[in-house]
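For reference, the structure discussed in these notes is given below.
Position 1 is the first residue of the sequence, and the numbers go up from there.
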Amino acid sequence: MTTPLLKPVESWNAAMARHLLNRAGFGGPSERLAKLAKMDAVQAVSYFVDFEAQPGTAAAPDFLVTPINPEEAKQAMARLTVEERRKKVNEYQQEERAAIQNLKAWWLEQMHTTERPLQEKLTLFWHGHFATSAQKVKSSWHTHQLNDVFRTRAAGNFKQLAIEVGQSPSMLRYLDNNKSTKKHPNENWARELMELFTLGQGQYTEDDIKESARAFTGWTSDHEKFVYRFENHDGGAKTFMGKTGNFDGWDIVNIIFERPAAAEFIASKLWTYFVYDDPEPAIVDGLARTLRENHYELRPMLRQMFASRAFYSDKAIARQVKSPAQFVVQLAFDMRYEQPPY
């Protein structure tokens with residue numbers, strides 16, 4: 001039975017359109033608000049959620065630094081003097097730092113100019129949810145690559161998104177799984193996958209972390225993409241969340257997503273991000289049920305959330321403290337800023 005809080009609204013007006021524009025996007029020009037206000041609630045929600053109907057985002061920027069093949073770099077460096085090597089490394093590091101700074105500005109411009117505001121808003125959410133650090137990854141190419149995963153899978157399948165994030169060179173490097181072998185399994189990704197990304201605290205044991213880490217051995221990357229190195233994988237039997245088998249990383253993800261807590265965890269986080277803190281248990285249960293019934297496809301749950309009575313309640317409207325990125329983009333709209341910030 002659907003809680004009354006999640007039942008769809010029956011009326012629609014300009015104030016509700018503005019609220020949806022601010023929460024499912026970053027605000028926007030008055031023309032977009034006028035367009036939304038003329039729609040009904042179903043059409044307005046569909047405009048955001050079914051964003052593939054709108055023109056896509058820009059191609060990858062041309063300032064990214066192409067990853068270097070380690071063997072080729074080693075051979076090239078061998079022909080240089082010590083001073084030449086030092087200079088080459090410094091130049092490369094400076095180029096990467098500049099590219100990362102430009103990438104930040106590029107993304108802000110995407111948020112400001114996109115015809116798919118929910119796609120960019122979700123990209124920002126996933127960027128915070130599956131957090132990495134450009135300072136540790138040290139690659140503008142791979143940082144953008146992960147950003148593109150967030151954008152491509154923004155409203156798609158949450159389970160598939162978790163797999164692709166785990167296989168991204170950025171995450172593999174950030175949580176050190178690229179160095180995880182059967183002799184020395186690294187537990188960082190195994191722990192964060194459950195604690196921060198899919199289940200939350202209290203849903204697993206320390207033994208689950210250890211066994212999961214063994215299963216993810218062999219998940220690594222070369223200088224460009226994900227690589228599964230079978231020779232580094234622990235193929236032995238593992239017991240994870242009450243199940244025993246010769247599990248690999250894909251098996252671990254499947255077991256995690258069989259648990260109801262996975263749907264409840266991400267439903268609560270998305271509601272908190274888009275609507276308000278500490279959602280009522282009935283809201284979390286209702287959204288999680290929709291997510292499970294749709295095999296972790298996010299769109300049905302997002303549609304339910306943005307159309308719900310609770311989304312347009314007094315508890316939700318004008319009650320959110322915006323993140324710096326949201327504030328800057330909305331300010332740019334309010335000031336009618338038209339030039340790129342870089």
Side-chain angles (χ1 to χ4, degrees), residues 2-3 5-6 49 122-132 146 149-150 152-168 171-172 174-175 177 187-216 219 238-245 247-275 277-306 308:
T2 302
T3 172
L5 293 168
L6 287 178
V49 175
L122 281 165
T123 302
L124 184 61
F125 169 78
W126 295 123
H127 172 78
H129 182 75
F130 292 106
T132 59
L146 181 55
V149 169
F150 296 149
T152 302
R153 297 292 181 187
N157 189 281
F158 178 45
K159 179 179 176 181
Q160 183 61 34
L161 173 62
I163 291 172
E164 291 190 25
V165 169
Q167 293 178 345
S168 69
M171 187 61 78
L172 287 163
Y174 180 63
L175 292 180
N177 210 83
E187 297 179 3
N188 290 352
W189 164 252
R191 181 184 299 276
E192 305 291 40
L193 175 63
M194 291 183 284
E195 180 177 340
L196 298 181
F197 303 157
T198 59
L199 295 174
Q201 294 181 346
Q203 300 294 328
Y204 56 89
T205 67
E206 287 298 312
D207 285 340
D208 288 331
I209 294 172
K210 289 180 171 58
E211 297 293 85
S212 175
R214 291 176 58 211
F216 279 106
W219 279 40
K238 308 162 189 77
T239 299
F240 177 73
M241 293 189 170
K243 297 188 176 184
T244 301
F247 299 140
D248 58 25
W250 292 272
D251 296 317
I252 296 299
V253 173
N254 287 337
I255 294 170
I256 286 173
F257 277 85
E258 289 172 358
R259 300 180 76 86
E264 294 162 3
F265 179 74
I266 200 61
S268 179
K269 287 205 69 172
L270 281 164
W271 183 271
T272 298
Y273 180 74
F274 283 104
V275 196
D277 294 344
D278 300 320
E280 294 83 349
I283 285 178
V284 175
D285 291 345
L287 293 175
R289 187 183 312 113
T290 298
L291 194 56
R292 287 192 297 271
E293 289 173 353
N294 289 277
H295 310 289
Y296 286 92
E297 292 293 332
L298 291 161
R299 266 195 178 81
M301 188 194 74
L302 292 169
R303 201 182 310 276
Q304 181 183 27
M305 180 171 66
F306 291 130
S308 70

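Salt bridge status for Arg191 with Glu206: present, with a side-chain N to carboxylate O gap under 4.0 Å.
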Phe150/Phe125 under ring-ring contact (aromatic ring centres under 6.0 Å, His included): CA gap, chis, key distance, verdict: CA-CA 9 Å; Phe150 296 149; Phe125 169 78; 9.6 Å; no
Give the intermediate values and the outcome of side-chain contact (heavy atoms from CB on, under 4.5 Å) for residues Phe216 and Phe247. CA-CA 9 Å; Phe216 279 106; Phe247 299 140; over 6 Å; no
How far apart are the C-alpha atoms of Phe130 and Leu146, what are their side-chain angles, what is the distance that settles it, and do they pass the side-chain contact (heavy atoms from CB on, under 4.5 Å) test? CA-CA 10 Å; Phe130 292 106; Leu146 181 55; 5.8 Å; no
Just do the side-chain contact (heavy atoms from CB on, under 4.5 Å) check on Leu199 and Glu195 with the steps written out, would you? CA-CA 6 Å; Leu199 295 174; Glu195 180 177 340; over 6 Å; no
Steps toward side-chain contact (heavy atoms from CB on, under 4.5 Å) verdict (Trp271, Val284): CA-CA 8 Å; Trp271 183 271; Val284 175; over 6 Å; no
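Here the NZ-CG distance, from Lys269 to Leu196, works out to 7.0 Å after rounding to the nearest 0.5 Å. To the nearest 0.5 Å, the span separating CG on Leu6 from CD on Glu280 amounts to 9.0 Å. One distance of note links OG1 of Thr132 with CG of Leu175; it measures 8.5 Å at 0.5 Å rounding. Between atom CG of residue Leu270 and atom CG of residue Leu287 there is a gap of 8.5 Å, rounded to the nearest 0.5 Å. Between the CG atom in Leu161 and the OG1 atom in Thr198 there is a gap of 11.5 Å [rounded to 0.5 Å]. Put simply, OH on Tyr296 and CG on Asn157 are 10.0 Å apart, with the number rounded to the nearest 0.5 Å.
A 4.5 Å side-chain heavy-atom check between Met194 and Met241 finds at least one atom pair inside the cut-off. Using a 4.5 Å cut-off on side-chain heavy atoms (C-beta onward), Asn188 and Asn177 make no contact. Put simply, the side chain of Trp189 does not reach to within 4.5 Å of the side chain of Tyr174, judged on heavy atoms.
Of the possible donor and acceptor atoms, one in the side chain of Trp126 sits under 3.5 Å from a partner among the backbone N and O of Ala154. Not a single donor-acceptor pair under 3.5 Å links the side chain of Asp208 to the backbone N or O of Tyr204. For Thr272 (side chain) and Ser268 (main-chain N/O), a donor-acceptor pair under 3.5 Å exists by modelled atom type. At distances below 3.5 Å, not a single donor-acceptor pair connects side-chain atoms of Thr244 with backbone N or O atoms of Phe240. Counting only distance, with no hydrogens or angles, the side chain of His129 and the backbone of Phe197 share a donor-acceptor pair below 3.5 Å. Ser168 contributes a side-chain N or O that, together with a main-chain N or O of Val165, makes up a donor-acceptor pair within less than 3.5 Å. A donor-acceptor contact shorter than 3.5 Å is absent between the side chain of Asn294 and the backbone of Glu297. Looking at Ser308, its side chain does come within 3.5 Å of a backbone N or O of Met305 through a donor-acceptor pair.
The closest side-chain donor-acceptor pair between Gln304 and Thr290 falls under 3.5 angstrom.
Ala155 and Leu122 make their closest contact through CB-CD1, 3.9 Å (heavy atoms, listed as atom of the first residue, atom of the second, distance).
The side chain to side chain donor-acceptor pair (under 3.5 Å) check on Arg303 picks up Asp50, with sequence neighbours excluded. Under the side-chain contact (heavy atoms from CB on, under 4.5 Å) criterion, Glu293 pairs with Arg289, not counting sequence neighbours.
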Validation: residues 252-263 side-chain donor-acceptor distances under 3.5 Å, sequence neighbours left out:
from: Asn254; atom 1: OD1; to: Lys159; atom 2: NZ; distance (Å): 2.6
from: Asn254; atom 1: ND2; to: Trp250; atom 2: O; distance (Å): 3.4
from: Glu258; atom 1: OE1; to: Lys243; atom 2: NZ; distance (Å): 2.6

